[in-house]
Amino acid sequence: MTDTPPDHLSVFPDSEWFNADALRRGVGIRFKGQERTDVEEYSMSEGWVRVAAGRSRDRFGRPMTIKLKGEVEAFYQDSGQQAEADDSQA
């Protein structure tokens, strides 16, 4: 596994940008210098994140999101050692 998270990632399983391995490992997002925990989708190269817009839902039951533009930095929350240990046990 690499030490850099994907450039574009989504938490929704039906999205083409969904990556279960990266999400299982734990991806942290720093947006405009502050760490965010409410990010639903992000793109580092395009410089945006999608976050839930209150408690409203779309017709599929997913949270309504808004796109915020700015500097996005993604990082793995673990050091990679845990992921390697999990792979060796499997």
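All values below were derived from every heavy atom in this structure, side-chain atoms included, with hydrogens, water molecules and symmetry-related copies excluded.
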**Q** Measuring from atom OG1 of Thr65 to atom CZ of Phe12, what distance do you get when rounded to the nearest 0.5 angstrom?
**A**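 The OG1 atom of Thr65 sits 6.5 Å away from the CZ atom of Phe12.
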**Q** CZ of Arg24 to CG of Asn19: how many Å apart, nearest 0.5 Å?
**A**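 Nearest 0.5 Å value for the CZ-CG distance: 9.0 Å.
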**Q** Would Trp17 and Val11 show up in the same hydrophobic cluster when neighbours are defined by side-chain heavy atoms closer than 4.5 Å?
**A**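 No; Val11 is not reachable from Trp17 via cluster members.
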**Q** Which heavy atom of Val72 sits nearest a heavy atom of Gly47, and at what distance?
**A**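 So the minimum-distance heavy-atom pair works out to CG2-C, 4.0 Å.
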**Q** Determine the interplanar angle of the His8 and Trp48 rings, folded into 0 to 90°, and report it as parallel if under 30°, tilted if 30 to 60°, perpendicular if over 60°.
**A**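 Perpendicular, since the angle between the ring planes exceeds 60°.
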**Q** With rounding to the nearest 0.5 angstrom, report the CD to CD1 distance, Glu41 to Ile29.
**A**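 CD1 of Ile29 is found 11.0 Å from CD of Glu41.
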**Q** One thing to verify: whether Asp14 and Arg62 come together as a salt bridge, which I'm taking to mean a side-chain N less than 4.0 angstrom from a carboxylate O.
**A**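 Asp14 and Arg62: salt-bridged.
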**Q** Looking at every heavy atom in both Glu40 and Pro63, which two are closest together, and how far apart are they?
**A**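 Minimum heavy-atom separation between Glu40 and Pro63: OE2-CG, 4.3 Å.
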**Q** Can you measure from CZ (Arg36) to CD (Gln34) and round to the nearest 0.5 angstrom?
**A**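 Result: 8.0 Å between the selected atoms.
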**Q** Please confirm whether the backbone N or O of Val51 pairs with a side-chain atom of Asp38, one donor and one acceptor, at under 3.5 Å?
**A**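 Checked: no pair found.
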**Q** Roughly how far, to the nearest 0.5 Å, is the CZ atom of Arg57 from the CE atom of Met64?
**A**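 So the CE of Met64 and the CZ of Arg57 are separated by 11.0 Å.
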**Q** How long is the span from the NZ atom in Lys67 to the CZ atom in Arg50, to the nearest 0.5 Å?
**A**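 One gets 5.0 Å once the value is rounded to the nearest 0.5 Å.
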**Q** Show, in sequence, the C-alpha distance, side-chain angles and deciding distance for Phe31 and Leu68, and conclude whether the side chain to side chain contact (heavy atoms under 4.5 Å, CB included) test is met.
**A** CA-CA 9 Å; Phe31 180 68; Leu68 303 174; 3.7 Å; yes
**Q** Might you work through the side chain to side chain contact (heavy atoms under 4.5 Å, CB included) test for Glu35 and Phe75, ending with a clear yes or no?
**A** CA-CA 10 Å; Glu35 195 166 328; Phe75 57 92; 3.8 Å; yes
**Q** Run the salt-bridge test on Asp3 and Arg25 with the 4.0 Å N-O cut-off and return the result as yes or no.
**A**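 Counted as a salt bridge, because a side-chain N and a carboxylate O are separated by less than 4.0 Å.
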**Q** Minimum heavy-atom separation for Val27 and Ala22, please, with both atom names.
**A**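 Taking Val27 first and Ala22 second, the nearest heavy atoms are CG2-O, 3.5 Å.
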**Q** I would like to know whether Tyr42 and Leu9 meet side chain to side chain contact (heavy atoms under 4.5 Å, CB included); could you show each step before the answer?
**A** CA-CA 6 Å; Tyr42 73 85; Leu9 185 64; 3.3 Å; yes
**Q** Between Pro6 and Tyr76, which heavy-atom pair has the shortest distance, and what is it?
**A**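 Closest approach of Pro6 to Tyr76, heavy atoms only: CD-OH, 3.9 Å.
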